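See structure below.
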Amino acid sequence: MELPAKYSPAGTEDKWYAWWLKNGFFHSEPDEREPYTIVIPPPNVTGILHMGHVLNNTLNDVLVRKARMDGKNACWVPGTDHASIATESKVVAKLKAEGINKEDLTREEFLKYAWEWKEKHGGIILNQLRKLGASCDWDRTKFTMDPDLSEAVINTFVYFYKKGYIYRGIRMVNWDPVGHTAVSDEEVIHRDTVSKFYHLRYFISDGNGNPTDKYIIIATTRPETIMADAAVCINPDDERYHWLKGKKVLIPLINKEIPIIEDSYVEMGFGTGCLKVTPAHDVNDYEIGLRHNLPVTDIIDDHGRLNEKAQILVGEDRFEARKKIEKMLQEAGNLEKTEDYTSPVGYSERTNAVIEPRLSMQWFLKMEALAKDALESVESGKVKLIPDKYRNTYRHWMENVRDWCISRQLWWGQRIPAYYLPDGRYVVAASPEEALEEARKLDSTVTAGVLRQDDDVLDTWFSSWLWPISVFDTHKAGHPEAEPNRDLAYYYPTNDLVTGPDILFFWVARMIMAGNEFMNDVPFRNVYLTGIVRDKLGRKMSKTLGNSPDPLELIDKYGADGVRLGMLLCTSAGNDILFDESQVEQGRNFCNKIWNAYRLMRGWSVDEEASRPEAASVAVAWFGHKLNAVLAEVEDHYSKFRISDALMCIYRLFWDDFCSWYLELVKPAYGKGIDRGTYEATAAFFDSLLKMIHPFMPFITEELWQNMEERKEGETIMLQRMPVSSSYDAGFISRFEMACEAVVAIRGIRQQKGLPQKEGLSLRIRGDFPEDMLPVVMKLANVSSVEKSTESGDASGVTFMVRTVEMYVPLTGLVDVEEELAKLQAALEHQEKFLASVRKKLSNEKFVSGAPEQVVALERRKEADSLSKIGGLKASIEALKGGK
RNA sequence: GGGAGCUUAGCUCAGUUGGUUUAGAGCGUCUGCCUUACAAGCAGAGGGUCGGGGGUUCGACUCCCUCAGCUCCCACCA
């Protein structure tokens with residue numbers, strides 16, 4: 001069968017993926033082998049594959065495929081996350097587009113829609129991962145809201161509640177007025193935002209609620225909250241305001257009388273030194289309020305609108321209200337001035353709404369003890385972060401963590417298993433039946449009908465922190481005393497986790513907490529933190545910028561192997577990835593190179609009579625050494641998670657060493673056959689190279705490996721053993737490189753002089769050139785005769801140095817003596833400078849006595865080599881001058 | 001406001017406890033080639049006083065100090 005000149009991935013990739021699936025090569029069951037486990041960072045169930053997923057999952061796949069080929073029992077568990085707030089807001093938006101308001105639906109009706117949506121869109125992303133070549137064990141696919149995984153979440157809640165770690169209380173939380181839910185501290189993103197500083201006049205009260213003509217000025221960014229003011233606060237040491245002590249002021253517009261209080265929290269130098277205290281709408285103010293027993297007036301509702309307690313502007317959105325109240329204040333004579341002001345404002349990670357600090361009843365998980373252990377896990381090295389600069393960030397977070405607000409005012413998610421008695425007391429239990437039993441202990445008259453379950457669901461991360469446990473064993477989470485099942489005992493702890501640093505705290509840290517709590521062991525050994533995928537200008541990929549390529553389109557255009565390579569080529573751990581389509585093109589080109597190297601080899605016919613040419617013998621010996629050298633290097637890179645370095649080593653081994661040097665050396669003359677020994681050696685090398693490339697480019701390597709020879713039923717490159725490095729002769733490699741230098745030099749001369757490759761040249765060598773490498777020079781530089789000489793070359797040819805050996809190519813009539821002289825002079829000058837620097841070192845007493853012996857010896861060798869080169873150059877110059 | 005990190009060729013980055021022929025790679029650039037595996041290719045070439053300054057050392061891209069620029073993380077919005 002004739003192979004086309006270009007590799008076409010389209011049909012090939014689907015064919016092999018289907019075949020891998022059919023043969024169950026991705027499936028893992030516990031056995032006597034060493035396990036290698038990865039759990040996927042579960043993408044949002046309704047998500048669509050983007051470049052970040054490509055990066056992450058390609059890295060995961062490389063690691064898994066490599067481990068599999070190292071003979072380990074590799075298991076990559078896939079799945080999706082229910083992503084409560086993200087999914088719920090998508091469903092709400094979709095319903096709204098259809099004219100349905102969430103408010104008009106019951107919980108059950110809404111969830112029915114949500115599940116329908118999940119069934120329709122859920123899992124799209126998992127199919128997309130298949131296109132990428134991800135070798136996940138699909139039989140183990142999990143979803144964080146699978147019934148048994150949800151059960152694990154509920155059990156975990158009950159467990160922590162009984163342990164006294166979970167409590168319920170009214171606290172100031174981050175309220176998302178668009179998502180209509182509380183969010184955790186980690187879900188709030190602070191961004192510097194330009195706003196205005198409003199300087200407002202608060203008139204002093206005459207004691208009867210009437211304004212006097214005296215006033216103080218208060219600077220605020222939130223004039224719409226003044227109706228909720230409970231006091232005005234000054235610093236007790238602020239002499240400017242001592243006259244205010246004991247007085248009362250009136251809130252503008254509503255003329256409500258509030259006291260002047262003193263608290264050292266107020267900074268005298270900031271603003272006007274007078275702070276309006278609004279306990280319901282500011283965290284600090286809330287704290288001050290507690291200290292001074294101030295009343296709390298909450299004037300903002302779930303949607304961020306002013307409520308009736310505000311008395312004015314009722315029903316207005318907070319930002320609308322701000323605009324309107326500015327005008328009203330101005331008209332009333334209360335607005336002194338406004339000025340531009342930039343300050344950090346919190347935004348919801350999910351909805352991008354400005355977060356409203358708000359008092360509400362929420363559930364919390366105490367973090368102190370959990371964080372302490374999780375910190376220890378990283379500090380002690382039980383979990384390694386790669387790159388380890390993240391250890392600092394991690395420590396800082398762990399040492400400053402606050403209790404985790406785990407309740408969300410949403411419906412999509414695991415519902416909090418707290419059940420309220422009619423009198424307001426509550427019980428926590430894993431099921432309504434158990435809850436009823438518990439409730440009856442409090443009040444024997446309680447019936448199932450009156451017991452009301454908490455409306456809130458749990459934060460998504462409260463389920464995904466169990467992921468490395470619950471994908472294997474759903475009972476163990478929540479039951480640390482239980483025996484792990486067979487899978488969990490075998491696969492836990494997992495080996496490596498590949499994820500982005502943006503979820504280091506959301507997810508990674510909390511998985512470590514859950515692992516320590518329920519397994520008494522960390523969930524993974526290594527956490528490889530990737531960078532963020534950006535475009536080549538360094539901008540984040542975003543829909544609005546339109547700079548985010550669709551991975552599936554790229555796969556269609558270049559093949560999955562090409563996309564994987566393009567992604568990996570620019571990937572170093574922890575650094576942002578500047579992605580550009582040209583890299584994928586490079587990946588596609590590499591596929592083609594491999595394809596064509598195979599076409600060349602496959603086109604050879606073995607001539608049983610032929611003996612092995614000398615050049616081929618050298619090539620085979622050399623590539624054997626080189627292969628082992630690179631294997632060792634690659635193994636080292638893998639061990640340090642330098643995946644793109646490992647790839648680059650292999651890329652160069654294939655392209656430069658194998659194709660450009662090795663194949664050119666063993667290639668038989670046109671029309672001639674190849675000797676059997678060389679053919680078989682070449683096929684064996686090609687086989688090794690395919691295996692080395694396979695983790696990066698699974699499809700083309702399977703295609704060619706299968707094409708190389710008739711394979712047994714169900715035999716796949718996926719499950720072949722990765723070649724391992726054995727000893728090699730570094731001296732041989734170095735001698736070969738010297739021959740290559742000579743070849744490059746002669747090719748350069750050809751190009752300069754316009755000599756065709758076909759025309760054989762003679763070569764004269766003066767000095768110690770390795771005899772065994774001469775066939776390499778002769779074949780690749782087309783040298784027809786070599787002569788040893790003690791004479792320097794003269795003006796009838798070109799002289800050049802290869803290391804310390806002088807070489808000369810006679811070229812009668814083609815030599816420009818002046819030009820050659822200038823070249824030699826320049827080389828001589830350079831060499832003399834070098835010698836001077838070496839000698840400067842050697843003449844330094846302190847260097848000779850202080851530096852290690854081998855360093856000094858090296859300098860002496862440099863000196864000797866340099867002297868020898870200078871001698872050669874000088875002789876050449878003389879000879880050239882003599883021949884003028 | 002607090003903390004961490006980065007700055008090496010036109011671009012993206014290596015440089016692994018300071019010494020390996022006076023800094024390496026990939027891409028891009030330039031020159032010459034449609035040579036019968038591959039123009040998605042082949043052959044060759046050019047390109048950096050390692051951000052500035054100072055210090056330690058026999059020796060600094062590598063360690064310390066300092067200045068400048070960039071990035072990220074954390075932080076309760078007067």
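Please read all numbers here as calculations on a predicted model, not as lab measurements. In the text below, chain A, chain B and the rest are named by the order of the sequence lines, each starting its count at 1.
No engagement by Val277(A) is indicated, since no non-hydrogen atom pair under 4.0 Å with the nucleic acid exists. At the heavy-atom level, Gln586(A) lies under 4.0 Å from the strands shown only through sugar-phosphate atoms. Ser849(A) comes within 4.0 angstrom of nothing in the nucleic acid, heavy atoms only. Contact annotation for Val848(A): no contact, since no heavy-atom pair falls under 4.0 Å across all strands. If you check every strand for non-hydrogen atoms under 4.0 Å, Cys591(A) touches nothing. When heavy atoms are screened at a 4.0 angstrom cut-off, Glu267(A) is found touching base atoms of the nucleic acid.
For Leu842(A) and rC58(B), the CG to P distance is 16 Å, given to the nearest whole Å.
Residue Lys846(A) has no polar side-chain atom (N or O) positioned under 4.0 Å from OP1 or OP2 of rU57(B). Listed pair Arg588(A) / rA40(B) fails the phosphate criterion, with no side-chain N or O lying under 4.0 Å from OP1 or OP2. Contact annotation: Trp655(A) side-chain N/O to rC42(B) OP1/OP2 distance is under 4.0 Å. Here Tyr341(A) reaches the OP1 or OP2 of rA78(B): one of its side-chain N or O atoms lies under 4.0 Å away. An OP1 or OP2 oxygen of rG3(B) is reached within less than 4.0 angstrom by no side-chain nitrogen or oxygen of Tyr390(A). Thr220(A) has no side-chain polar atom (N or O) that falls below the 4.0 Å cut-off from OP1 or OP2 of rC77(B).
Closest to the side chain of Arg599(A), from the set rG5(B), rA37(B), rA40(B), is rA37(B). Distances were taken from every side-chain heavy atom of Phe197(A) (C-beta onward) to each of rU12(B), rA78(B), rU22(B); the shortest belongs to rA78(B). In the set rC77(B), rG26(B), rA40(B), the nucleotide with an atom closest to the side chain of Asp282(A) is rC77(B). Side chain of Lys593(A), nearest nucleotide from rC58(B), rG44(B), rC42(B): rC42(B). When each of rA78(B), rC58(B), rU20(B) is scored by its nearest atom to the side-chain atoms of Leu858(A), the top-ranked nucleotide is rU20(B). Nearest to the side chain of Asn592(A), among rA40(B), rA37(B), rU12(B), sits rA40(B). Listed nucleotides rG5(B), rG44(B), rC72(B) differ in distance to Gln751(A); the shortest reach to its side chain belongs to rG44(B). The nucleotide whose nearest atom lies closest to any side-chain atom of Tyr651(A) is, among rA45(B), rG26(B), rC72(B), rG26(B). Residue Ala597(A) has its side chain nearest to rA37(B) when only rC58(B), rC77(B), rA37(B) are considered.
In this structure rU62(B) sits in no base pair that meets the Watson-Crick or G-U test at under 3.5 Å. When both distances must be under 3.5 Å, the Watson-Crick or G-U wobble mate of rA68(B) is rU7(B).
Between the C1' atoms of rA45(B) and rC50(B), the separation comes to 23 Å (whole Å). Taking atom P in both rA23(B) and rA9(B), the straight-line distance is 14 Å, to the nearest Å. Rounded to whole Å, the separation between the P atoms of rU20(B) and rA39(B) comes to 42 Å. If you take atom P in rG51(B) and the same atom in rC61(B), they sit 10 Å apart, rounded to whole Å. Between rA4(B) and rU22(B), the two P atoms lie 38 Å apart (nearest whole Å). Using atom P as the reference point in both rU62(B) and rU7(B), the two lie 11 Å apart (nearest Å). Nucleotides rG53(B) and rA14(B) have their C1' atoms positioned 27 Å apart, rounded to a whole Å. Nucleotides rG44(B) and rG52(B) have their P atoms positioned 34 Å apart, rounded to a whole Å.
Between the side chain of Lys779(A) and the backbone N or O of Leu665(A) there is at least one donor-acceptor pair closer than 3.5 Å. Here the side chain of Ser868(A) pairs no donor or acceptor atom with the backbone of Ala864(A) at under 3.5 angstrom.
Side-chain contact between Asp185(A) and Val401(A): absent, with no pair of heavy atoms (C-beta onward) separated by less than 4.5 Å.
For the residue pair Glu703(A)/Tyr598(A), the side-chain donor-acceptor check at 3.5 Å is not satisfied.
We find that Glu356(A) and Arg222(A) are joined by a salt bridge, their nearest charged nitrogen and carboxylate oxygen being less than 4.0 Å apart.
Between Asp645(A) and Val345(A), the residue anchored closer to the 5' end of RNA chain B is Asp645(A), taking for each the nucleotide with the nearest heavy atom.
Between Phe685(A) and Phe658(A), the distance from one ring center to the other does not fall under 6.0 angstrom.
Under a cut-off of 6.0 angstrom, the local environment of CD in Glu853(A) is sparse, with at most 12 non-hydrogen atoms contributed by other residues, nucleotides or ligands.
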